[in-house]
Structure formats: C-alpha cells, structure tokens
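Have a look at the structure below, then the notes.
Model, not experiment: these values are computed from the prediction. The basis for the numbers below is simple: all heavy atoms, side chains too, and nothing from hydrogens, waters or symmetry mates.
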There are 2 protein chains.
Amino acid sequence: MKARRTNSREKILAAAADVARETGPGSLSLDAVASRAGVSKGGLLYNFPTKAKLMQALVEDYLSAFQQALEAARTNGVSGESPLAAYIRLSAEHAEESKPSATWIFSAIAEDPDFLTPIKSFRRQVFERLKQETPNLKALLVCYLAIEGLRSMNLFGSDILSADERRLLISTLLEIAE
Amino acid sequence: MKARRTNSREKILAAAADVARETGPGSLSLDAVASRAGVSKGGLLYNFPTKAKLMQALVEDYLSAFQQALEAARTNGVSGESPLAAYIRLSAEHAEESKPSATWIFSAIAEDPDFLTPIKSFRRQVFERLKQETPNLKALLVCYLAIEGLRSMNLFGSDILSADERRLLISTLLEIAE
DNA sequence: CTTACTGTACCGTCTGGACGGTCTTGTCAA
DNA sequence: TTGACAAGACCGTCCAGACGGTACAGTAAG
C-alpha cells in the first residue's frame, strides 16, 4: 500500500458500499457510484478501469480489513481467551454495527458469482486454523455455524433477534467455546 | 391451487431457478428463462405478465413448500421429538440437497430488495412459534442460529464443512435441542 | 368461441465502456 | 527563479448492446 496523493479510491469504495445499501444491490451502476463519490464517471473509470475491478477491490478491502481485525483481536484480546472466543467476539461486534456493511456482496454476486471464490477460500482458511487451535470439535462447529448464521441475518437485514437475545446468544457461545 | 391443463407455470419456475443457478443470478433475464423453459417469450409473459410477478411466484412457491414440509415433519415426525428438533432435522435435510436450490434469491434481491420482506416475516413467524414451544431459550438461540448458518453456507455454495462434520454438527444440535 | 400459447417485430431505457479533452502537480534545465 | 514539459488525475460526451416490456397476427386444441 503505497502513499497516495488523493483518496479518491477510498471515497469511491465507500460510495459504492453506500449506494448498494441504500438504493439496492441491483442499482449499483457506475454512474450512481461516481456521482455519489463526487467524481465523474471518467474519474471513476480512471481509478477502476472496469466494473469488475471495482467489485474485486471491494472484496479485497473487506477481507483484508477483517483479517487485520482478527489478527489484532488475537494478540491484543482478553488474556487467556481462546482463538475461537476471540473470533466469536470479533464477529459479534462486527454484526452489531448499525450498517449492514456488506450489501454490496449481492451486487458482486449478481455481477459474477466468481467474486465469491476469494471470500470462500478466506473463510476456509480461517476455519481450518480454528480447527487446529480448538480441541473441542463439537463446540467449534456449533459456534462457527451460529456466528455464520448471525452474519447471514445481518447481511439480509433480518431483525428477528432482539438485542437481549443477541447478547444471550453471544454469551452462551462464549461459554461453549471455553 | 386450481387444477391446470398445462404445467407451463411450474416449468417456467423451475427453469428460472435453473438459470439463476447455472448462469449466475445476474443473468436471469426473461429471454433466458423462456428459452430454458422451452417456451416463447410471449408465452412466458402470458403466465407472468411482469418480471416482478415471476420473482414473487418464486418466493411464494419456495415459502409454501417449506411450510408444508415443516407441518408434515411436525405431525409425522419421530414421536416425542420436540418442535425445535423437527425444525433442525428438516432444515438439515433441506441443506443436504445437491442443488443450492435458492440461488434465485440473489436475483430477486438484485431486482428489488423488497422481495425479501415476505421471507423475513415468514422466518419471524417460525421463530416466534419455536420460542413459545421451546422451554430452553439458550438452546433455541444456538440451534436456530446454527441452522441459519448452515442455510447460508448452502446458499453461498460454501463447502468448508465435510459430510462428517455436518453430521456431527446436526447430531450435536439435536442433543442440545432436547 | 375461448384458452393457451407461438413468433416476430419493435420501442424506450439503462449501462458499461471508449475516447478525447482539461486541469493540476512535480521535475528539471537554463 | 522561472519556464517548459511530461505524467497523473479527472471531466463530459457518445455509443453499442442488452434488457424489460408491448403489440399483434397466427394457431392448435377442446
């Protein structure tokens, strides 16, 4: 990541995420993103020569951000906390954010399902690592899947769980994880 | 559901699901569905006067099929089985099917996110009902979310769980549910 | 005569992308 | 210090193609 004079790139990525969330994943057009980012279409295409590149950047940014947060949570987390517990805690916090954060994934899938492959392989890596670090396979499976369910509900904007229920769920998962 | 001379309607719905799964959710065009269903575009629009109606039908069919299966599992299920256990078992079987079954949901979301509302309210109903029938709230939360996670992984075509792991997960959930 | 289509031709809109032009910034010789 | 100049960052316009949807004439079955 080299230093850049302009921050157009970040502005554009943020704008893309906003547009996808607000006007629906199907309406993620280059024009919409450009005007939202306060950039002309030409400028947008200068930064991301094709729509696919934009999507790709969205995915990569998302993944690397999560990875960094995960690494930080592992090292700076509560002492004596298992890696699985750290994963649960981080994911829960992430799902607690008001913005659904990743609606753009739907746009990417609609554009081309292959955009999922990097995400899938990333997930697989995380899971395999957790599997090596967690003695209790049953606990891992239940917790990992439940977190995946939480992620899914957040992604789809489902709100069938109350805040209390979410808290209870997380604390239960943390119990199971230890 | 009145008796129909023709089965074009079902053929078209199946074709739409197939197209979404095979050529990607973004390529679900009326032309593609028509040719896949072995029907002219005129014929397609005769059955579903607009693309939105097609999506709506897809959603409604999907939901009513699940509801029927759920009702059947409740009454004809293993005797002494709790409603939560029945729900787990049914969802697990459903997720076991080779075809991802519901990729078309992505098309629907891309078309108009509002197509999610009937699905969301259906899920909410199911959850509320389970909540009344299940004494152990913790168990319900963990199991329901884990199933949701399974559903999500199936939807996204993720295969990070081996068949053995899936089986272990389900049996663990069933233990928790009782 | 109605139902359930087929087939074709067509329209308006939207979108990704190409292209040429413009403004800004940094560099370097004189 | 200044002026020429090249590269980087961005603007605005245009266009071909795809898509949803309409219109309509024809037809085979019951």
Side-chain angles (χ1 to χ4, degrees), chain A residues 1-20 22-59 103-104 106-115, chain B residues 1-20 22-59 103-104 106-115:
Chain A
M1 182 148 28
K2 62 180 171 185
R4 290 196 145 267
R5 283 201 296 277
T6 61
N7 59 344
S8 288
R9 192 191 152 85
E10 278 69 25
K11 263 170 42 184
I12 290 170
L13 289 177
D18 289 348
V19 170
E22 289 167 19
T23 71
S27 310
L28 190 68
S29 66
L30 295 187
D31 288 284
V33 173
S35 81
R36 174 71 184 229
V39 160
S40 77
K41 196 174 175 182
L44 170 61
L45 256 29
Y46 178 83
N47 285 278
F48 302 98
T50 158
K51 194 180 185 183
K53 298 271 184 191
L54 207 179
M55 300 298 192
Q56 197 184 328
L58 235 21
V59 172
T103 331
W104 53 262
F106 294 129
S107 314
I109 298 176
E111 194 67 26
D112 181 354
D114 287 346
F115 283 117
Chain B
M1 182 144 34
K2 65 180 171 185
R4 289 195 147 268
R5 282 201 295 277
T6 61
N7 59 343
S8 287
R9 192 190 151 87
E10 278 69 26
K11 259 169 44 185
I12 290 170
L13 289 176
D18 289 347
V19 170
E22 290 167 19
T23 71
S27 312
L28 191 68
S29 67
L30 294 186
D31 289 284
V33 173
S35 81
R36 173 72 185 230
V39 162
S40 73
K41 193 176 175 182
L44 170 60
L45 268 82
Y46 180 83
N47 284 277
F48 302 97
T50 159
K51 194 181 185 181
K53 297 270 184 191
L54 208 187
M55 300 297 193
Q56 196 184 326
L58 233 21
V59 172
T103 331
W104 53 262
F106 294 129
S107 314
I109 297 176
E111 193 69 24
D112 180 354
D114 287 346
F115 283 117

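- Note that OG of B/Ser40 and CG of B/Asp31 are 10.5 Å apart. Values are rounded to the nearest 0.5 Å.
- With sequence neighbours excluded, the residues that form a side-chain contact (heavy atoms from CB on, under 4.5 Å) with A/Ala17 are A/Trp104.
- The CZ atom of A/Phe48 sits 17 Å away from the P atom of D/dG8 (whole-angstrom rounding).
- Atom CZ in B/Arg9 sits roughly 12 Å away from atom P in C/dC5 (whole-Å rounding).
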Original post:
Between A/Leu13 and A/Phe48, does a side-chain contact (heavy atoms from CB on, under 4.5 Å) hold up when you go through it step by step?
Top reply: CA-CA 10 Å; A/Leu13 289 177; A/Phe48 302 98; 4.0 Å; yes
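- Phosphate contact (OP1/OP2 of C/dG17, side-chain N/O of A/Thr50, threshold under 4.0 Å): present.
- Here A/Ala16 pairs with A/Leu28, A/Val33, A/Leu54, A/Leu58 under the side-chain contact (heavy atoms from CB on, under 4.5 Å) rule; sequence neighbours left out.
- B/Leu28 comes within contact range of the sugar-phosphate backbone alone, with a heavy-atom separation under 4.0 Å but no base atom that close.
- Of the residues in residues 29-42 of chain B, those with a non-hydrogen atom less than 4.0 angstrom from any atom of DNA chain D are B/Ser29, B/Leu30, B/Lys41.
- Listed by chain and number, the residues in a side-chain contact (heavy atoms from CB on, under 4.5 Å) with A/Ser27 are A/Thr23 (sequence neighbours excluded).
- Residues that satisfy the salt bridge (charged side-chain N to carboxylate O under 4.0 Å, His left out) test with A/Asp114, not counting sequence neighbours, are absent from this structure.
- In this structure, CG of A/Leu54 is placed 15 Å from P of C/dT15, rounded to the nearest angstrom.
- Counting to the nearest Å, the C1' atom of D/dA18 and the NZ atom of B/Lys51 are 11 Å from each other.
- B/Ile12 places its CD1 atom 8 Å from the P atom of C/dT6, with the value rounded to the nearest Å.
- Straight-line distance from the CG atom of B/Leu45 to the P atom of D/dC19: 15 Å, rounded to whole Å.
- When rounded to the nearest whole Å, the span between CG of B/Leu44 and C1' of C/dA4 equals 14 Å.
- A search for side-chain contact (heavy atoms from CB on, under 4.5 Å) contacts involving A/Ala14 returns nothing, not counting sequence neighbours.
- Between A/Asn47 and the phosphate of D/dC10, there is a side-chain N or O to OP1/OP2 separation shorter than 4.0 Å.
- D/dC11 atom P lies 12 Å from atom OH of A/Tyr46, rounded to whole Å.
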